[in-house]
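Note that the numbering runs from 1 along the sequence shown for the chain. Since this is a predicted model, take the numbers as computed values, not measurements.
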Amino acid sequence: MLLREAPNGTYETYSVLLERAKELGRGFDDYALVVDLSEATERPRGRYLELIRRSSDEPVHVALTQPGGGLLRAALRFVIGGFSRRGSTHAALDDAVEAARKALGRAATRSTPEVGQ
């Protein structure tokens with residue numbers, strides 16, 4: 001699932017986008033979330049930052065693209081630290097999508113019963 005961050009995003013806009021992505025994702029056994037931050041214009045703060053950290057509650061993986069500014073990339077590294085192994089950062093959208101696909105493949109392998117069981 002692809003979620004594009006709106007320029008000058010707020011807690012409210014990201015909350016609506018994230019909730020809709022989760023609603024759509026619940027229709028699948030597993031799903032990954034790719035968050036495109038390439039258009040992000042400012043560092044998230046407060047409850048907006050906390051909401052981004054909680055983005056990984058349901059998806060198998062959250063892959064984030066890096067915003068253009070150096071300060072925003074540094075803030076992203078801080079945010080992704082809250083995702084532990086369920087998140088990754090990428091310079092390009094294609095790389096983020098590939099990481100999400102690989103994570104879904106690993107999840108499918110773990111949830112597939114072995115023959116004879």
Side-chain angles (χ1 to χ4, degrees):
M1 180 132 3
L2 175 63
L3 190 154
R4 293 188 191 269
E5 167 106 13
N8 301 312
T10 65
Y11 171 87
E12 289 76 16
T13 57
Y14 190 76
S15 179
V16 168
L17 292 171
L18 181 60
E19 190 54 39
R20 182 63 180 138
K22 287 181 176 185
E23 286 173 14
L24 293 170
R26 289 181 192 124
F28 300 93
D29 291 336
D30 293 308
Y31 72 98
L33 183 62
V34 176
V35 181
D36 183 0
L37 298 175
S38 59
E39 300 296 319
T41 54
E42 56 186 75
R43 180 183 176 275
R45 290 174 170 71
R47 60 188 195 133
Y48 185 28
L49 180 60
E50 187 58 32
L51 180 63
I52 293 172
R53 281 191 188 130
R54 289 193 325 258
S55 295
S56 67
D57 289 351
E58 293 181 25
V60 168
H61 189 81
V62 176
L64 303 164
T65 64
Q66 296 176 349
L71 288 174
L72 289 175
R73 284 194 303 273
L76 178 61
R77 282 192 292 278
F78 173 74
V79 170
I80 198 68
F83 290 167
S84 69
R85 297 177 311 173
R86 294 176 65 169
S88 58
T89 60
H90 306 275
L93 181 59
D94 289 343
D95 296 335
V97 170
E98 182 64 24
R101 286 183 176 147
K102 286 181 180 179
L104 283 171
R106 287 190 302 271
T109 301
R110 284 191 301 270
S111 64
T112 304
E114 294 189 26
V115 176
Q117 288 187 339

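- Residues that satisfy the side chain to side chain contact (heavy atoms under 4.5 Å, CB included) test with Leu104, not counting sequence neighbours, are Asp30, Ala32, Val60.
- Cluster note: Val97 groups with Leu2, Val34, Leu93 through ILVMFWY side-chain heavy atoms spaced under 4.5 Å, whether in direct contact or through intervening members.
- The minimum heavy-atom distance linking Met1 with Gly25 is given by the pair CE-N, 3.4 Å.
- Put simply, CG on Leu64 and OG1 on Thr89 are 7.0 Å apart, with the number rounded to the nearest 0.5 Å.
- Residues that satisfy the side chain to side chain contact (heavy atoms under 4.5 Å, CB included) test with Thr13, not counting sequence neighbours, are Thr10.
- Contacts of Glu19 classified as side chain to side chain donor-acceptor pair (under 3.5 Å), with partners at least two apart in sequence or in another chain: none.
- Residues Leu18 and Leu33 form a side-chain contact, since some pair of their non-hydrogen atoms from C-beta on lies under 4.5 Å apart.
- By the side chain to side chain donor-acceptor pair (under 3.5 Å) test, Ser15 is found to be paired with no residue, residues two or more places apart in sequence or in another chain being considered.
- Remark: the backbone N or O of Ala63 is not paired with any side-chain donor or acceptor of Ser88 at under 3.5 angstrom.
- Of all heavy-atom pairs between His61 and Gly87, the closest is CE1-C, 3.7 Å.
- The side chain to side chain donor-acceptor pair (under 3.5 Å) check on Arg101 picks up nothing, with sequence neighbours excluded.
- In this structure, Tyr31 has no ring-ring contact (aromatic ring centres under 6.0 Å, His included) partners at least two apart in sequence or on a different chain.
- Applying the ring-ring contact (aromatic ring centres under 6.0 Å, His included) test to pairs two or more places apart or on separate chains, those with a residue in residues 3-27 are Tyr14-Tyr48.
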